[in-house]
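In listed order, ligands and their atoms are each counted from 1.
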Amino acid sequence: MRNAFKPLVAALCASGALGMMSSARAADDALVARGAYLAKAGDCIACHSAPRGKPLAGGLPMMTPVGAIYTTNITPDPETGIGRYTEEEFARALREGVAKDGHNLYPAMPYPSYAKINDEDMHALYAYFMQGVTPVKQANREPDMKWPLNMRWPLKVWNAVFLDKGIYQNKTGKDVAWNRGAYLIQGLGHCGSCHTPRGIAFQEKGLDESSGAYLTGGLLDNWFASNLTGEHNTGLGRWSEQDIATFLKTGANAHASAFGSMTSVITTARRN
Ligand code: HEC
Ligand code: HEC
């Protein structure tokens, strides 16, 4: 009798274990897919890929007031990319602009905005970068800056003055849609890094709606990134929700068409 049950018990155990394994894998896949979606919302690929280069392997030049710097390889290659980053180190790079070895990143990497990304989304982004991105071996390029401008320690001072630490907190009195939108726009979307005017030290003059300058328009790469507030004449006051959605998905609507760096934001939004 006892023996007759054995295969059944073994089969049940095995199917139970398999079931658990495949549901764990499904959860993993879902996490990686969510991370991929968030990486698109954050436009990581637009900056971290060079024209005709491999996706996310870096090398795109970015002008700063003190010279050109190059985006880095953020594929999971252990030698030249971020394959050896722990989740904590990854989160610190995104939220505080500090690389694994402790050097400070230039705020051309929009960490003042990414500071608002919550833990859950950070976890999904990390899962995606480690498991969903193909590793590419490609060494990072040194910035085109001469001493003393290439020193990174002043960035610590910059951070102490301008970096607003702390993830996005829902604003009371605003509904779920408003808070979701504000979280995406101020955080991952980093819309203000182009649409908010910059001050003397290249800092954005305001990182959320509490500042009158937030999203009122900024000059970058010689393009003027428009006023996105609800102001009626120069802002988006006359745009409907459909107008904004059409513009972000297709790059054009009855009011405007996209050019300059906004086109990379749109081509990524369209892929979503
Ligand atoms: C507006 C351009 C821009 C966008 C968008 C951007 N980055 Fe960056 N990122 C940079 C630049 C520039 C650097 C290098 C800065 C430096 O060397 O000081 C960098 C550096 C990094 C580093 C440090 C890498 C290293 O080699 O140590 C990580 C990690 C990183 N970015 C991840 C991301 C992720 C994830 C996203 C999307 C959520 C993203 N970045 C979006 C410009 C950008
Ligand atoms: C890399 C810089 C950059 C980022 C990041 C960026 N934009 Fe733009 N955006 C621009 C520039 C430059 C323009 C003006 C040129 C144009 O109309 O294409 C623009 C134009 C626009 C317009 C058209 C406004 C008008 O009056 O013509 C809208 C709407 C817009 N952006 C929304 C957004 C939103 C929402 C985000 C965040 C998800 C965002 N942008 C992020 C650079 C950027």
[X] neighbourhood, listing ligand 1 atoms whose heavy-atom distance to it stays under 4.0 Å:
X      : result
Gly42  : 5 (C)
Met62  : 1 (C), 2 (C), 12 (C)
Ile69  : 12 (C)
Phe129 : 35 (C)
Ala99  : 27 (O)
Asp43  : 5 (C)

If we only count heavy atoms from C-beta on, is the Trp158 to Asn104 side-chain gap below 4.5 Å?
-> no
Could you tell me whether the side chain of Leu38 reaches within less than 4.5 Å of the side chain of Leu188, counting heavy atoms only?
-> yes
[X] with [Y], same ILVMFWY side-chain cluster at under 4.5 Å:
X      : Y      : result
Tyr37  : Met122 : yes
Leu94  : Leu207 : no
Met145 : Phe202 : no
Ile45  : Leu105 : yes

Test item, Ala108 contacting ligand 1 (heavy atom, 4.0 angstrom) = yes
For His103 and ligand 1, answer yes if some heavy atom of the residue is under 4.0 Å from a ligand atom, otherwise no.
->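 The answer is no: ligand 1 sits nowhere under 4.0 Å from a heavy atom of His103.
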Among all protein heavy atoms, pick the one closest to [atom] and tell me residue, atom and distance.
atom                    : answer
atom 27 (O) of ligand 1 : Tyr85 OH, 2.4 Å
atom 17 (O) of ligand 1 : Arg152 NH2, 3.3 Å
atom 41 (C) of ligand 1 : Tyr114 OH, 3.2 Å

Between Asn73 and ligand 1, does any nitrogen or oxygen pair lie at a separation below 3.5 Å?
->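 Min N/O separation from ligand 1 is not below 3.5 Å for Asn73.
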Tell me which part of Asn140 gets within contact of ligand 1: side chain, backbone, both or neither, using heavy atoms under 4.0 Å.
-> side chain
If you measure from each non-hydrogen atom of Leu38 to ligand 1, which part falls under 4.0 Å: side chain, backbone, both or neither?
-> neither
Can you tell me if Tyr70 and Asp144 form a side-chain donor-acceptor pair at under 3.5 Å?
->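 Present: a donor and an acceptor within the cut-off.
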Return the set of residues passing ring pair (Phe, Tyr, Trp, His ring centres under 6.0 Å) with Tyr114 (not counting sequence neighbours), or none when no residue passes.
->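 Testing Tyr114 for ring pair (Phe, Tyr, Trp, His ring centres under 6.0 Å), a comparison that skips the adjacent residues, returns His190.
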For His123, the side chain to side chain contact (heavy atoms under 4.5 Å, CB included) test, sequence neighbours excluded, returns Leu31, Glu87
Could you walk me through whether Tyr168 and Asp208 pass the side chain to side chain donor-acceptor pair (under 3.5 Å) test, one step at a time?
-> CA-CA 10 Å; Tyr168 183 81; Asp208 66 21; over 6 Å; no
Do Arg95 and Asp119 pass the salt bridge (Lys or Arg N to Asp or Glu O under 4.0 Å) test, and can you show the C-alpha distance, the side-chain angles, and the key distance before you say yes or no?
-> CA-CA 11 Å; Arg95 293 195 183 124; Asp119 291 345; 2.8 Å; yes
List the atom pairs, donor and acceptor, that lie under 3.5 Å between side-chain atoms in residues 124-135 and the rest of the protein, sequence neighbours left out.
unit_1, atom_1, unit_2, atom_2, d
Tyr126, OH, Tyr85, O, 2.7

Quick one: do His195 and Tyr214 satisfy side-chain contact (heavy atoms from CB on, under 4.5 Å)? Show the steps, please.
-> CA-CA 8 Å; His195 286 279; Tyr214 183 63; over 6 Å; no
If you measure every N/O of Ser193 against every N/O of ligand 2, is any gap under 3.5 Å?
->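 No, since none of the N or O atoms of Ser193 sits under 3.5 Å from an N or O of ligand 2.
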Sub-2.8 Å protein N, O or S atoms surrounding atom 8 (Fe) of ligand 1 = His48 NE2, Met109 SD
Under 6.0 Å from the CD atom of Glu209, do we count more than 12 heavy atoms belonging to anything else shown?
->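 Atom CD in Glu209 is crowded, with more than 12 foreign heavy atoms closer than 6.0 Å.
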Report yes or no: does Cys191 have an N/O/S atom closer than 2.8 Å to atom 8 (Fe) of ligand 2?
->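 No, since none of the N, O or S atoms of Cys191 sits under 2.8 Å from atom 8 (Fe) of ligand 2.
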Which ligand 2 atoms are under 4.0 Å away from a heavy-atom of Cys194?
-> 1 (C), 2 (C), 3 (C), 4 (C), 5 (C), 42 (C), 43 (C)
Below 4.0 angstrom from a heavy atom of His190, which ligand 2 atoms are there? Numbered from 1 as shown, please.
->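 Close to His190: 5 (C).
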Supply the atom-to-atom distance Ile82 CD1 to His48 NE2, rounded to the nearest 0.5 angstrom.
-> 8.5 Å
